[in-house]
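Please read the structure below before turning to the comments.
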Amino acid sequence: MSMTRRTPRTNDFPGNYPLDEDWHGYINDNDRVLLKVCLIPANVVMVAAASGDATIHYSSPTSAGAECIDPGCNWVEQWVHRAGPRGKIYFKPEEVKAAIVTCGGLCPGLNDVIRQIVITLEIYGVTKIVGIPYGYRGFSDQELTELPLSRRVVQNIHLSGGSLLGVSRGGPGVSEIVDSLEVERGITMLFVLGGNGTHAGANAIHNECRKRRLKVSIIGVPKTIDNDILLMDKTFGFDTAVEEAQRAINSAYIEAHSAYHGIGIVKLMGRDSGFIAMHASLASGQIDICLIPEVPFNLHGPRGVLSYLKYLIETKGSAVVCVAEGAGQNLLQKTNATDASGNPVFRDIGVYIQQETKKHFKEIGVHADVKYIDPTYMIRACRANASDGIFCTVLAQNAVSPSPDIVAFADIVHGAFAGYSGITVGACNTHYAYFPIPEVIAHPKLVDSNSRMWHRCLTATGQPDFI
Ligand SMILES: Nc1ncnc2c1ncn2[C@@H]1O[C@H](COP(=O)(O)OP(=O)(O)O)[C@@H](O)[C@H]1O
Ligand SMILES: O=P(O)(O)OC[C@H]1O[C@](O)(COP(=O)(O)O)[C@@H](O)[C@@H]1O
Ligand SMILES: [Mg+2]
């Protein structure tokens, strides 16, 4: 078996340098990644779900996970641009001023992505690279100064959690941000690391730049620990969050298991989506009840969570509940409060379940020792685990460079250099692709209560319906 070198040996080519057509290290602009397929000829149905299932041939639209794209369930293909380095680049590296900004809440892996963008930009030959401090706020707050970035500055930042640049919610309007980009700073490439809010901002910035006919690339890297961005296999930080959540769940289990009639309650992140709670429950094998925003439940009544807790105490002696922060909000009084970014501020469902559990067991005269753990900020501030570390690096690095000494270029940097703007990078069906921002933030990605994964979770916990 011969090894194919991805880096050309110069003496393999006439003139000692490969022509583009001889050198297969670049992504062709027409390369695509298949996003979804949907087909019904006669009785045969082949449907791919939003992500990760493009290789399943479903025999019926009622198969678990099957999804039709249009109402007629007609043949539909959806493709996205394959990410990676292009043979022709749109920007002259020496003319580029690149900036990176991190917005929203913290997420493990932010530093890994910042680091790899900087390193890759330097490989392209870019020398003017800056960090915007504290999210979009850094564009307007005159007291905050740009942070010059280089390989030396970012070399070890992935060894700790958080963001080297800081994060924030809220901040200036789009016009002010573009004024700052254009007039004050002369930025030509902006890398925006953030969730749905940040991406809505990035898209608005991109549109404003187009309106002003500015040659500025706005490239997103989806950061959401909740894993609630559409069309992508997963987002960075999610894997670390699930892993870290195991510690909290295990502590709750040990507390509950060691106490007489112990009940452990763990609240995990997930504003709209219960992915962290579902995956952490599945991974731990220690959860008896998993509650997520997508699946309604009653606390009280014969089919409610509290009755089932009593049953668990009587039969097993202890119980552990995992609840996502956005779950059961209908059971709580609405606040109408929003954070600086306009996100609704939720009441604490974990505290509520803790209080109601204590009250309920007191009322029915059964002893219960209730312990509540909220590990939110301990999880968010973690450094990325190995899997996320690789994912962050791969998000930022996909192809092979033409020099034997240099390893790879960053996808997102490639996106910018290829002249793309208003896009974000992610993995789809295990391939890396550029996605149009509005498509991925149209609404939060939710756990499908008919999906195999949720059913697996129910099988693992053994919980009934609570409705
Ligand atoms: N619809 C929007 N249009 C423009 N900017 C937005 C929008 N929503 C949020 N932002 C800005 O994006 C940043 C991050 O948003 P936020 O919702 O806090 O976090 P995330 O990006 O993680 O969802 C904030 O600075 C906020 O002002
Ligand atoms: O206390 P903060 O900073 O508002 O963060 C809380 C929120 O952060 C998150 O962990 C992630 O939210 P973002 O994706 O918007 O950053 C949510 O699950 C949670 O509601
Ligand atoms: Mg958000």
Side-chain angles (χ1 to χ4, degrees), residues 33-36 48-54 67 78-81 83 101-110 112-113 135-136 163 167 169 191-206 218-242 268-279 292-294 324-326 341-344 379-380 384 387-388 391-392 394-396 411-412 415 420 422-448 451 453:
V33 174
L34 184 59
L35 201 57
K36 290 187 185 184
S51 67
D53 288 347
E67 173 199 327
Q78 292 185 331
W79 300 86
V80 278
H81 283 278
V101 65
T102 57
C103 316
L106 285 182
C107 179
L110 279 168
D112 301 62
V113 178
Y136 288 140
S163 164
V167 291
R169 299 196 190 273
F191 296 92
V192 181
L193 281 50
N196 52 352
T198 306
H199 275 72
N203 200 49
I205 296 168
H206 160 72
I218 312 292
I219 310 291
V221 187
K223 167 244 60 159
T224 154
I225 202 164
D226 296 352
N227 197 30
D228 58 358
I229 299 278
L230 292 168
L231 306 180
M232 302 188 178
D233 294 350
K234 64 172 180 177
T235 45
F236 73 81
F238 172 67
D239 202 79
T240 308
V242 171
L268 296 176
M269 290 153 293
R271 257 193 195 129
D272 304 288
S273 323
F275 288 103
I276 298 181
M278 175 173 75
H279 282 249
I292 60 172
E294 297 87 340
E325 64 176 316
S341 295
N343 300 304
I379 291 176
R380 250 182 27 174
S387 158
D388 269 325
F391 189 36
C392 290
V394 176
L395 277 175
D411 265 344
I412 37 183
Y420 288 118
I423 56 160
T424 193
V425 69
C428 170
N429 301 316
T430 72
H431 299 288
Y432 290 85
Y434 300 129
F435 297 81
I437 290 176
E439 300 291 326
V440 298
I441 58 164
H443 56 84
K445 183 171 79 173
L446 301 179
V447 171
D448 176 357
S451 64
M453 210 48 154

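Along the sequence shown, residues carry numbers from 1. No hydrogens, no waters, no symmetry mates; every other heavy atom, side chains included, goes into these values.
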Passing option when Pro222 is tested against Thr235, Leu231, Asn196 for side-chain contact (heavy atoms from CB on, under 4.5 Å):
Thr235
Does a side-chain heavy-atom distance below 4.5 Å link Ile225 with Ile276?
yes
Does some side-chain heavy atom of Arg169 sit less than 4.5 Å from a side-chain heavy atom of Asn343?
yes
Within a strict 4.5 Å, meaning less than it, do heavy atoms of the Asp272 and Glu294 side chains meet?
no
Run the side-chain contact (heavy atoms from CB on, under 4.5 Å) test on Ile437 and His206 for me, step by step, so that the C-alpha distance in whole Å, both residues' side-chain angles and the decisive distance to 0.1 Å come before the verdict.
CA-CA 10 Å; Ile437 290 176; His206 160 72; over 6 Å; no
Using the ring-ring contact (aromatic ring centres under 6.0 Å, His included) criterion, which residues pair with Phe238? Sequence neighbours excluded.
His279
Please give me the minimum heavy-atom distance between Cys428 and Phe435, naming the atom from each residue.
CB-CZ, 3.6 Å
Starting at CG of Asp228, measure out to CE of Met269 and round the result to the nearest 0.5 Å.
11.5 Å
Show, in sequence, the C-alpha distance, side-chain angles and deciding distance for Ile219 and Val192, and conclude whether the side-chain contact (heavy atoms from CB on, under 4.5 Å) test is met.
CA-CA 6 Å; Ile219 310 291; Val192 181; over 6 Å; no
Any Glu325 side-chain heavy atom under 4.5 Å of Leu268 side chain
no
Smallest separation among heavy atoms of Ser163 and Thr102, with atom names:
OG-OG1, 2.9 Å
Quick one: NE2 on His431 to CG on Asp233, what's the gap to the nearest 0.5 Å?
9.5 Å
Between Ser273 and Asp226, does any side-chain donor sit less than 3.5 Å from a side-chain acceptor?
no
Considering all heavy atoms of both residues, which atom of Cys103 and which atom of Gly135 are nearest to each other, and what is their separation?
SG-CA, 3.9 Å
Can you check whether Thr224 reaches Cys107 side chain to side chain, under 4.5 Å on heavy atoms?
no
Determine the minimum heavy-atom distance between Val113 and Leu193, stating which atoms define it.
CG1-CD2, 3.7 Å
Which heavy-atom pair separates Phe236 from Leu395 by the least distance, and what is that distance?
CD2-CD1, 3.8 Å
Report yes if the side chains of Phe275 and Ile292 come closer than 4.5 Å at any heavy-atom pair, otherwise no.
no
Can you name the closest pair of heavy atoms from Ala384 and Asp112 and give their distance?
CB-OD1, 3.9 Å
At what distance, to the nearest 0.5 angstrom, does OG1 of Thr198 lie from CD1 of Ile441?
9.5 Å
Quick one: pull up CG in Leu106 and CZ in Arg380 and give me the separation to the nearest 0.5 Å.
5.5 Å
Checking salt bridge (charged side-chain N to carboxylate O under 4.0 Å, His left out) for the pair Lys234/Asp239: CA distance, chi angles, key distance, verdict?
CA-CA 9 Å; Lys234 64 172 180 177; Asp239 202 79; 3.7 Å; yes
Leu110 vs Lys223 side-chain heavy atoms within contact, under 4.5 Å:
yes
Hey, what do you get for NE2 (His199) to CD1 (Ile218), rounding to the nearest 0.5 Å?
11.5 Å
